Protein chains: 2
Amino acid sequence: MASVILFLTVVGAIFELTSAGVADNRVDTFGKQQNGSCDLPEALVKEIRGYQPIVNKIVDEIVNGEYAGRTWDSLAELVDTFGARVAGSEQLEKAIDYVVDKMQTDGLENVHTESATVPHWVRGYESAELVKPFRKNLPLLGLGSSVGTPRGGIIAEVLAVESFKEFETIPAEQVRGKIVVFSPVWESYGRTVVYRSQAASVASRKGAVAALVRSITPFSIGSPHTGQQHYQDDVKKIPVACITVEDAQMLLRKYRRGEQMEIHLEMADRPMDPVVSRNTIGELIGTTYTDTSVVVVSGHLDSWDVGVGAMDDGGGAMISWKALTYLKAMGLRPRRTIRAILWTGEEEGLYGGAAYKEAHKPQEQKEFNFFFESDIGTFEPRGLDFVGNADAECIFREIVKLMGPLNATEFETPTDGGPDISHWTTRGFPGASLLNKNEKYFWFHHSAGDTMAVEDPKNLDKCAALWAAAAYVVADLSISMPKDVQP
Amino acid sequence: MASVILFLTVVGAIFELTSAGVADNRVDTFGKQQNGSCDLPEALVKEIRGYQPIVNKIVDEIVNGEYAGRTWDSLAELVDTFGARVAGSEQLEKAIDYVVDKMQTDGLENVHTESATVPHWVRGYESAELVKPFRKNLPLLGLGSSVGTPRGGIIAEVLAVESFKEFETIPAEQVRGKIVVFSPVWESYGRTVVYRSQAASVASRKGAVAALVRSITPFSIGSPHTGQQHYQDDVKKIPVACITVEDAQMLLRKYRRGEQMEIHLEMADRPMDPVVSRNTIGELIGTTYTDTSVVVVSGHLDSWDVGVGAMDDGGGAMISWKALTYLKAMGLRPRRTIRAILWTGEEEGLYGGAAYKEAHKPQEQKEFNFFFESDIGTFEPRGLDFVGNADAECIFREIVKLMGPLNATEFETPTDGGPDISHWTTRGFPGASLLNKNEKYFWFHHSAGDTMAVEDPKNLDKCAALWAAAAYVVADLSISMPKDVQP
């Protein structure tokens, strides 16, 4: 298998680079077997297990020691000081300057930013009101990249459907000139979000004047949720927004009873020219390899423009930054460099990651060892979600077992390892995402509910500890993580 | 004890009225003993237990039979057709007309309305924005009876406190001209709601220009909650609104860090002159006592002006109405009259109940036997909350035991039996409220989240069945429920 051949090459190269070799070098019996079980060299297993005391110390100091509660406090200060940090906003750039300054104060090394061009879209006055058969305010949030309405808004008849499939059966002449309401049943984020991203294009193709979509959440207390949408190339751009779950369901019921309804929709949202933002970087430079084989820990600093982005993704950005802060303060410096990257422009389509990938592409094979990303909540940690080849998986399984003191030893293998790091993990670099008890994540996601009220100090401590401990072990191991990178 | 004396009088009177007497008439050993246990006559216990087949039939037909799902459908039609039904609104009066019409269609008897004067307060344009140190929209809902701001709003510095106790320590000269934010910790609704009702008066007394209060809920997804507030007589009326839990907490943290903050607050809310609304009444007239010893089942038809009042109190109103509809359709007519009352003007201070009490006061001792009220959710039923004297309690405990088929046999004794019926229960009339699994009630209460999404068809069936069964048994018993009514 290609993965095995590449793995052997990588292992060979690493063994030349490091003096701290694995005692048993029988690489032909290494890693994952065809029957799915792992057969790592005993010495490597022993080496990994040897990190248990260091992991215990990291966990204890972050969760119970002098750092306890500090991650929550730091996150609160960040989001309370700058609020929402949407791409293109002054608040995001101010927050980046603040992080650079604070990373330096924390003693992080090589603190700097790297440019990334990001979309710029500005929410203006937004209002939707059912005006017939009775007046009812319909809370809404325009979707990223949506055009606005003419000044004063539009008033149009409502056509409501549950699904794209149902919409397909409706002739264009019945759609023309109407506001189409899509009220899909929640299945999962992955399956349902297509209504947010495609509703405008689907409705416009049949002549609708606007599209309103049920917010992409399984549970609501009357709050709309925003998010990015994409116009297909060949359609007229029409305004599109999410309304609440409750209102979408009501409009669909009323429509199915045959009621005539009209909505007055006004949106002063404005797509603007792209602007240059910055990824924010700080390091804990390794003792042995100072510019190769970097272990990345990351989250995105930008957010949507509602709520304050404490959960998406202030928490992930903060644990990535503070993992380095705490390791440095504890005097723990691994052999490889750990690099915290706080991505920019994630919400509009992984723009920060894309720019970083392009800039680092020439040396990426040498430069990167492993990518961590936390962008799906920092609730109570459960373990780690891994992506990479079978051999790396065997090594990483052993590392996750060290997280017993956090009761976070679950190991899963999804199809990718997180949004921004998918720029690398989809091409064969190994990576991991933070598995956490995020069953309620989408309740708050992209809404006014994404605030510090979602974040718990003890859980943030545990996430930061898991992040610091896992990154430390990967960065300090005698061998690099195997990878199968496509050229 | 006064209760025993009155009880004996009542029992005697009832025994004269009814031919279907209790076989064992040893009233001196009747009811609750001093040790707290009950000692009902065997024949009465036997009589109550004899209702089990009828209760089973009621439950089965409503939960599994042809009525299954109809209560939810009827409630959806009501709230989808009229939306919110705030006192003084055209929508409330239209909903009352609709209910009168539908009650007649359902075959209810003596369908009519009775006037009640209610407050009239109209929400206008409302906006709050943090304008310093950065701009952030602060979703808000003005509180019932609040005055507005001058046109264009006010901009003022923020002073934030956690409690009235903390506010007491702040000298008036530091408060004057400021917007005071109260961000109390949620304890319970009863303990925390004082911040909503009193914040304006407390802040105004020290010269504040407005008050903003953390919404009265234990959990939030960025939605503000409204509710009534009361100006004390001797204070200047200042605008008052609830903001979200999340924003109140953020403003308090920022204030405690010493940040200078300013809020631009605009509220075009208008207190208006009181108007005449109506309580809505329908009956199932008893076979034996046609105008005395009425069993009331009730909920309020009015709501706040946000959300659609499906939970508060569309569900309670609907099960009260439909309990009679289903009993009539099943051909079950008890000895006493069951009267459904859908109160008006509850939200502003129990105005519908107060008007009804005054109008019926001359004959109330003869007229009323028992009061049911459902105004704390129609989630899965658990049982009934009883208020009344010790003797009535013993009888009612036996009745609740009949609700086994609904798994709803819990019996509790609170200090009152519900808001509107407290006009009677606080004076010695017996009553009961629907105990249900309403742990999340305040998540939705008085917010945009109070919609059909909160209501579950099966649970509404169960609540309607419990309501119909309990009302039937109380109304059909050979004796009236004992009471200790103060003159």
Side-chain angles (χ1 to χ4, degrees), chain A residues 73 76-77 79-85 89-91 94-95 123 125-127 130 133-139 215 217 219-225 244-257 259 261 305-308 310 440 442-445 447-454, chain B residues 73 76-77 79-85 89-91 94-95 123 125-127 130 133-139 215 217 219-225 244-257 259 261 305-308 310 440 442-445 447-454:
Chain A
D73 290 344
E77 185 175 295
V79 303
D80 289 348
T81 304
F82 301 101
R85 305 169 303 282
S89 70
E90 194 187 4
Q91 291 308 105
K94 281 186 179 174
R123 188 183 305 284
Y125 172 79
E126 294 177 333
S127 161
L130 184 69
F134 61 83
R135 297 183 89 87
K136 181 187 187 305
N137 178 44
L138 304 170
S215 288
T217 177
F219 179 78
S220 175
I221 309 181
S223 270
H225 296 234
T244 67
V245 170
E246 294 92 332
D247 284 334
Q249 290 175 339
M250 176 196 69
L251 293 169
L252 181 61
R253 283 195 302 270
K254 288 172 78 75
Y255 186 80
R256 286 183 170 173
R257 285 193 201 104
E259 292 186 42
M261 296 181 282
D305 62 332
V306 291
V308 294
K440 294 182 182 166
F442 291 106
W443 294 20
F444 310 102
H445 180 249
S447 84
D450 183 352
T451 67
M452 287 311 292
V454 177
Chain B
D73 289 345
E77 186 176 294
V79 303
D80 289 349
T81 304
F82 301 100
R85 304 168 305 281
S89 70
E90 193 187 4
Q91 291 308 106
K94 281 184 178 174
R123 189 183 305 284
Y125 173 78
E126 294 178 332
S127 162
L130 183 69
F134 60 82
R135 297 183 88 87
K136 182 186 187 305
N137 178 43
L138 304 171
S215 288
T217 177
F219 178 78
S220 174
I221 309 180
S223 271
H225 296 233
T244 68
V245 170
E246 294 91 332
D247 284 334
Q249 291 176 338
M250 176 197 70
L251 294 169
L252 181 61
R253 285 194 302 270
K254 287 172 79 73
Y255 185 79
R256 287 182 170 174
R257 286 194 200 101
E259 291 186 45
M261 296 181 283
D305 62 332
V306 292
V308 294
K440 294 182 181 167
F442 291 106
W443 294 20
F444 309 102
H445 181 248
S447 84
D450 182 353
T451 69
M452 286 312 292
V454 177

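Sequence lines set the chain letters: A, B, ... in the order given, protein chains first and strands last, and positions in each chain run from 1. As the structure is a computational prediction, the values presented were derived from the model and not from experiment.
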Enquirer: Can you tell me how far the CD atom of B/Glu77 sits from the CZ atom of A/Arg253, to the nearest 0.5 Å?
Expert: 11.0 Å

Enquirer: What residue, out of B/Phe134, B/Phe219, B/Trp443, has the most heavy-atom pairs lying under 4.5 Å from chain A?
Expert: B/Phe134

Enquirer: Among A/Ala453, A/Pro139, A/Ala76, who wins on heavy-atom pairs under 4.5 Å with chain B?
Expert: A/Ala76

Enquirer: To the closest 0.5 Å, what do you measure between NE2 (B/His225) and CD1 (A/Ile221)?
Expert: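 Taking NE2 in B/His225 and CD1 in A/Ile221, the distance rounds to 6.0 Å.
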
Enquirer: Where does B/Gln91 contact chain A at under 4.5 Å (heavy atoms): side chain, backbone, both or neither?
Expert: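 It is the side chain, since no backbone atom gets that close.
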
Enquirer: Can you name the nearest heavy-atom pair linking A/Ser223 to B/Ser223, along with the distance?
Expert: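 Distance-wise, the nearest heavy atoms are OG-OG, 3.6 Å.
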
Enquirer: Answer with side chain, backbone, both or neither: which region of B/Val308 has an atom nearer than 4.5 Å to a non-hydrogen atom of chain A?
Expert: side chain

Enquirer: Answer with side chain, backbone, both or neither: which region of A/Ala310 has an atom nearer than 4.5 Å to a non-hydrogen atom of chain B?
Expert: neither

Enquirer: Looking at A/Val245, A/Asp305, A/Thr217, A/Thr81, which one has more heavy-atom pairs under 4.5 Å with chain B than the rest?
Expert: A/Thr81

Enquirer: Select one option (side chain, backbone, both, neither) describing which atoms of A/Ser220 are under 4.5 Å from chain B's heavy atoms.
Expert: backbone

Enquirer: Nearest 0.5 Å please: distance from the CD atom of A/Glu246 over to the CZ atom of B/Phe444.
Expert: 8.0 Å

Enquirer: In Å and rounded to the nearest 0.5 Å, what is the CZ to CG distance from A/Arg257 to B/Asp80?
Expert: 4.5 Å

